[in-house]
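This structure is a prediction, so every number in the text was calculated from the model and none was measured. Chain letters run A, B, ... following the sequence lines, proteins first, then strands; residues in each count from 1.
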Number of protein chains: 2
Amino acid sequence: MAGKERAGRQPAISRRTGSRTRIVSKEPIHEQILPHIRRDIVLNRWAPDERLPEMELCEEFGVSRTPLRDVLKILEVEGLVTLVPHIGAVVTPLNTPDLAEKLEAMSGLEQISAMKVAELQPPAALKQIKRLHKAMEEAAKNGQTTKYYALNDEFHRAVVLGSGNATVAKMHETVMWHVSRARNYANEREPLNQSAAEHHDAIVDALERGDPEGAARAMREHLAEVIVNVLERVARPAARGGDREIKDSAA
Amino acid sequence: MAGKERAGRQPAISRRTGSRTRIVSKEPIHEQILPHIRRDIVLNRWAPDERLPEMELCEEFGVSRTPLRDVLKILEVEGLVTLVPHIGAVVTPLNTPDLAEKLEAMSGLEQISAMKVAELQPPAALKQIKRLHKAMEEAAKNGQTTKYYALNDEFHRAVVLGSGNATVAKMHETVMWHVSRARNYANEREPLNQSAAEHHDAIVDALERGDPEGAARAMREHLAEVIVNVLERVARPAARGGDREIKDSAA
DNA sequence: TGACGCAAATTCCTATACAATATACGAAAT
DNA sequence: ATTTCGTATATTGTATAGGAATTTGCGTCA
């Protein structure tokens, strides 16, 4: 026992974020640090293509290599990280075709969710969706853009959760991490315009009317517009969001 | 070093399957054994609720705990395995609500894929889909049920891959592992009947016609019928497939 | 029969070691 | 000066040992 360091667990402290997140729960360590590292990637605190050195992360969170490598493995399955043999974990590069693919998947998942909500019309979910819709209108009218964005995310998530399908919800959550990462990278936000408002109206109408195909179509048309905006702002040199730009292809 | 066992890697031999799968590639060990263990679970060689003892699997594949635990972590993200602290890896239990959810997700992913194929009409994919469709008709006419099942799986996979969206394809692949596991558990197979044939016709027609909404609807109606069959055969005591039955709820 | 408690087994994590590979750096050649 | 090459260093992949925490099994006792 000549170890110079004591073996006890240190509190997990993120050097990168500065936040002190003392860990007291008894859940496995990798489950505790996973959300932190994932969040750092989605927020671009680790940039695309950047390497994640094991030892640095071990020190940052005060854990050994074993649970840390667990986290990196999980992040690889989620696609946020790429594990290259003998190089290690690299933040998955951003590129336009992949992003387009993810947006399309997101749209598809929200469409089938909307269809299901319109079909089942679960009262609690409908109520929640209508509440968020109204709050969004209010925020838009008052020019509260930040609040609007948050509500908009909640609105879409509420539709997905409202379908009651945890499998679809999990898929949606995962793909949303990718989309959020790209939008954060380019400082892109949901447009706050007349067209979006009309689309939201149409979606809510179809859900209340119990019109599955109409709900799916309304969601599809809404997201088609969103996708165009995201790809415009993320793939091309941003007008005001700095000079960030992602590669056009990975092939 | 007083280790009584030699440290060199043994060839990976599956005791459970009896198949000798010598591993020579230089890709990481966990990538090599992952497909084997996953396959064993999908084929119910490890039954639902059964524990996967680490040491036993280590010996089976001739690897140490480190890469084996990597595999179990990945399988947990995929949902085929549940990792319980201090108990370890357990094959995820089967239950009707979860299965219904997965079938619904599968249907949704195939719908949006069909929509995309009808929209883009990629020549290679269309050709492949038509080829498989014809081969299925042929197999059905000749009563080649096993061949029919294989072709049917390929048909659905071809539609998903034809959409050209790798993200959706990956989601579909993952959810299909779950569906296959349940069907294998209950010896359930795609019905080979008139209704399914008509649905397949309608799907191919819509794809060739370039009718996205029609393709989605045809796929939806087809899968609605499949889902009813699967749930009937899997959730209830099987008529001829033995006396297997899965729990009705996990809650 | 049922409840309790101890012992054994298993897992989670730490720590360490070594092999395989990548990266960095400097020397040699052009 | 630039490029090429080879060596030294750093990092990762895997193996392994051991302690802490927890579950599981078994035996005892009421």
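Across all non-hydrogen atoms, the minimal contact from B:E56 to B:W46 is OE2-CH2, 3.7 Å.
B:E56 has its CD atom 10 Å from the P atom of C:dT11, to the nearest Å. Following rounding to the nearest Å, B:E54 (CD) and C:dT10 (P) show an atom-to-atom distance of 10 Å. Note: CD1 (A:I87) to C1' (C:dA20) measures 13 Å, nearest angstrom. When rounded to the nearest whole Å, the span between CD of A:E76 and C1' of D:dT12 equals 14 Å. Per the geometry, CE belonging to A:M55 stands 14 Å off P belonging to D:dG13, to the nearest Å. Rounded to whole Å, the distance from NE2 on B:H86 to C1' on D:dT24 is 14 Å. Rounded to whole Å, atom C1' of D:dT14 lies 6 Å from atom CD1 of B:I29. Regarding B:L57, its CG atom lies at a distance of 9 Å from the P atom of C:dT11, rounded to whole Å.
You'll find that the side chain of B:V63 is closest to D:dA15, out of D:dA15, C:dT21, C:dT14. Nearest nucleotide to the A:R51 side chain, out of C:dC13, C:dT11, C:dT23: C:dT23. Here the nucleotide nearest the side chain of A:P28, chosen from C:dA20, C:dC13, D:dT11, is C:dC13.
Without hydrogens or angle criteria, B:T92 side chain to B:V81 main chain gives a donor-acceptor distance under 3.5 Å. With B:N44 contributing its side chain and B:A47 its backbone, the two residues share no donor-acceptor pair below 3.5 Å.
Between B:K116 and A:E104, at least one side-chain nitrogen of the basic residue sits less than 4.0 Å from a carboxylate oxygen of the acidic one, meeting the salt-bridge criterion.
Between its opening and closing five pairs, the helix from C:dT1-D:dA30 to C:dT30-D:dA1 changes axis direction by 10°, a value rounded to 10 degrees.
For the pair B:H156 and B:M219, the minimum side-chain heavy-atom distance is below 4.5 Å. Contact annotation: the side chain of A:K170 approaches that of A:E173 to within less than 4.5 Å [non-hydrogen atoms, C-beta and beyond]. Using a 4.5 Å heavy-atom cutoff, the side chains of A:V91 and A:L80 are not in contact.
For residues 64-74 of chain B, proximity to DNA chain C is found at B:R65, B:R69, defined as any non-hydrogen atom under 4.0 angstrom from a strand atom.
Between the CZ atom of B:R181 and the CZ atom of B:R38 there is a distance of 13.0 Å, given to the nearest 0.5 Å.
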Exercise for the section: Go through B:T174 and B:E78 one step at a time and tell me if the side-chain hydrogen bond (donor to acceptor under 3.5 Å, both in side chains) criterion holds. Expected result: CA-CA 7 Å; B:T174 302; B:E78 294 176 354; 5.7 Å; no
